[in-house]
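A short write-up of the structure that comes next.
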Amino acid sequence: MADEIPALGTDENKEYRFRQLHGKTLRFQVKTSHDCHVAFTSAAEETDPMVEVFIGAWEGAASAIRFKKADDLVKVDTPDIVTEAEYREFWIAVDHNEVRVGKAGEWEPLMQAPIPEPFEITHYGYSTGWGATGWWKFLNDRVLNTEDCLTYNFEPVYGDSITFSVACSNDAHLALTSGAEETSPMYEIFIGGWENQHSAIRLNKEGKGDDMAKVETPDVVCCEEERKFYVSFRNGQIKVGYKDTDPFLEWTDPEPWKITHVGYCTGWGATGKWKLEI
């Protein structure tokens, strides 16, 4: 169960409102007639360099990725991509020195471009302008609650890493799948399993589950504190760690496959409070 996402308004003055970016992918819903603008920067302000993404600009007819307020790296026709009549959902991934922009439920980006001068992205800004006002909902703001039931709740993943926080007494479980359900094959990641003493990566394939890596992690999760973790899964290399640290758990699958969803749940006596940056 998720808490209601707060709606944030923007006026037509083209002034970015900045927030910290905790992961590598931003998912949001926006309701505006045109000119949905998102900036990615190295501080809570406009910086040099910075990347800007325009969705439904040029009177709603086109979208673009711009670098350093100069030339557009890419520009595509996207008529009627946004509307003031309803929220439309998008994702923007900023990883591997590249920007990719897409619609919810579509893993093929509608536009993408390499960043000419790579820099550390720490914040994003959002705005509307050129006569348009807007309402925004950032899915990264949701607080997600899980019961003691070992039933996964699934979310789409558009990059190859996720950052999240969780508060639980034990058994924070994640599933990496090729659909919005348990699939075969499927990777499961157990953080604080075995009474909060171990963590593991399990491969489930053809009805059989094997722990491919298992390490001691005493008290790795806590019900009184939201602890931040990351999971990356590029090219079959699965790594798990505390945010901004080296991984404490990893394994490489020699036969990787495309991951499109992540499931999360708690169990074995634990409930959980989650925030996902995916």
Side-chain angles (χ1 to χ4, degrees), residues 5-32 34-58 62-76 78 81-82 88-104 109-130 132-142 157-165 228 230 232 243-245 275-278:
I5 307 172
L8 306 175
T10 51
D11 52 32
E12 58 183 57
N13 65 5
K14 297 186 292 181
E15 182 177 334
Y16 286 116
R17 304 181 182 193
F18 287 93
R19 313 178 84 198
Q20 188 171 1
L21 181 67
H22 295 286
K24 298 294 185 181
T25 303
L26 181 67
R27 291 173 60 202
F28 62 94
Q29 300 170 349
V30 64
K31 182 164 61 173
T32 184
H34 55 84
D35 282 281
C36 158
H37 294 191
V38 182
F40 293 92
T41 65
S42 57
E45 61 185 356
E46 294 192 12
T47 58
D48 185 11
M50 78 174 185
V51 171
E52 292 178 282
V53 175
F54 307 139
I55 300 175
W58 291 275
S63 299
I65 300 172
R66 183 173 294 175
F67 186 62
K68 297 180 72 168
K69 288 190 170 291
D71 295 333
D72 294 332
L73 301 177
V74 62
K75 182 178 178 182
V76 296
T78 54
I81 193 170
V82 291
R88 301 238 172 119
E89 185 176 327
F90 301 91
W91 57 268
I92 304 174
V94 285
D95 53 12
H96 314 304
N97 301 323
E98 182 183 57
V99 183
R100 301 185 306 280
V101 183
K103 298 179 182 179
L110 63 92
M111 58 181 176
Q112 63 187 103
I115 300 175
E117 301 171 26
F119 64 102
E120 183 181 6
I121 293 173
T122 61
H123 290 76
Y124 68 93
Y126 60 101
S127 73
T128 42
W130 300 105
T133 60
W135 288 99
W136 304 68
K137 293 183 178 182
F138 294 98
L139 276 68
N140 312 59
D141 290 342
R142 293 175 300 168
V157 175
Y158 299 104
D160 52 25
S161 67
I162 63 173
T163 303
F164 64 95
S165 66
K228 295 182 178 181
Y230 69 87
S232 63
K243 190 175 185 293
D244 299 325
T245 68
K275 287 184 179 179
L276 303 180
E277 303 283 344
I278 56 177

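Because only heavy atoms are used, hydrogens play no part in the values below, and waters and symmetry mates are left out as well, while side chains stay in. Since we're looking at a predicted model, the values are computed, not measured.
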Legend entry - CZ-CG distance between R27 and D141, expressed to the nearest 0.5 angstrom: 12.0 Å
Inset, instruction - Looking only at non-hydrogen atoms, find the nearest pair between I278 and N140 and report the distance. - result: N-ND2, 4.1 Å
Inset, instruction - Flag the pair R19 / L8 as yes when at least one side-chain heavy-atom distance between them is below 4.5 Å, and no otherwise. - result: yes
Legend entry - Straight-line distance of H22 NE2 to K228 NZ, nearest 0.5 Å: 4.5 Å
Legend entry - Ring-ring centroid check Y124 F28, cutoff 6.0 Å: no
Inset, instruction - Could you walk me through whether T128 and E12 pass the side-chain contact (heavy atoms from CB on, under 4.5 Å) test, one step at a time? - result: CA-CA 5 Å; T128 42; E12 58 183 57; 5.7 Å; no
Inset, instruction - Looking only at non-hydrogen atoms, find the nearest pair between P118 and N97 and report the distance. - result: CB-OD1, 3.2 Å
Inset, instruction - Report yes if the side chains of C36 and W136 come closer than 4.5 Å at any heavy-atom pair, otherwise no. - result: yes
Legend entry - Atom pair CD/CZ of E52 and F40 - distance to nearest 0.5 Å: 11.0 Å
Legend entry - Closest non-hydrogen atom pair, T32 against G134: CB-CA, 4.0 Å
Inset, instruction - Kindly indicate whether the side chain of V53, heavy atoms from C-beta on, has any atom under 4.5 Å from the side chain of V99. - result: yes
Legend entry - Heavy-atom check, side chain of Q20 versus side chain of T122, under 4.5 Å: no
Inset, instruction - Search all heavy atoms of K68 against all heavy atoms of D48 and return the closest pair with its distance. - result: CE-OD1, 2.9 Å
Legend entry - R100 side, atom CZ; I92 side, atom CD1 - distance, nearest 0.5 Å: 11.5 Å
Legend entry - Check against side-chain contact (heavy atoms from CB on, under 4.5 Å), I55 and T78: CA-CA 8 Å; I55 300 175; T78 54; 5.8 Å; no
Inset, instruction - Kindly indicate whether the side chain of S161, heavy atoms from C-beta on, has any atom under 4.5 Å from the side chain of Y230. - result: no
Legend entry - Residue from I115, D72, V101 passing side chain to side chain contact (heavy atoms under 4.5 Å, CB included) with I65: V101
Legend entry - Closest non-hydrogen atom pair, K75 against A62: CE-CB, 3.9 Å
Inset, instruction - Taking the side chain as every heavy atom from C-beta outward, state whether K69 and M50 have any atom pair closer than 4.5 Å. - result: yes
Legend entry - Atom pair CD/CD of E98 and Q112 - distance to nearest 0.5 Å: 5.0 Å
Inset, instruction - May I have the step-by-step check of side-chain contact (heavy atoms from CB on, under 4.5 Å) for I81 and F90, ending in yes or no? - result: CA-CA 10 Å; I81 193 170; F90 301 91; 3.7 Å; yes
Inset, instruction - May I ask you to decide if the ring planes of F54 and W58 are parallel, tilted or perpendicular, using 30° and 60° as cut-offs? - result: perpendicular
Inset, instruction - Without swapping roles, check the side chain of S42 against the backbone of I121 for a donor-acceptor pair under 3.5 Å. - result: no
Inset, instruction - Return yes when atom CD of E120 has more than 12 non-hydrogen atoms of other residues, nucleotides or ligands closer than 6.0 Å, and no otherwise. - result: no
Inset, instruction - Any chance you could measure M111, atom CE, to L73, atom CG, to the nearest 0.5 Å? - result: 10.0 Å
Inset, instruction - Report yes if the side chains of E89 and L139 come closer than 4.5 Å at any heavy-atom pair, otherwise no. - result: yes
Legend entry - Neighbour count above 12 (heavy atom, 6.0 Å) for N13 CG: yes
Inset, instruction - Evaluate whether atom NZ of K137 has more than 12 neighbouring non-hydrogen atoms of other residues, nucleotides or ligands under 6.0 angstrom away. - result: yes
Legend entry - Distance-minimising heavy-atom pair for H34 and W130: CE1-O, 2.8 Å
Inset, instruction - Using a cut-off of 6.0 Å, state whether more than 12 heavy atoms not belonging to K31 lie near its atom NZ. - result: yes
Inset, instruction - Step through the shown structure and confirm whether more than 12 heavy atoms of other residues, nucleotides or ligands are within 6.0 Å of CD on E15. - result: no
Inset, instruction - Give the C-alpha distance, both sets of side-chain angles, the deciding distance and a yes or no for side-chain contact (heavy atoms from CB on, under 4.5 Å) between V82 and V30. - result: CA-CA 8 Å; V82 291; V30 64; 4.3 Å; yes
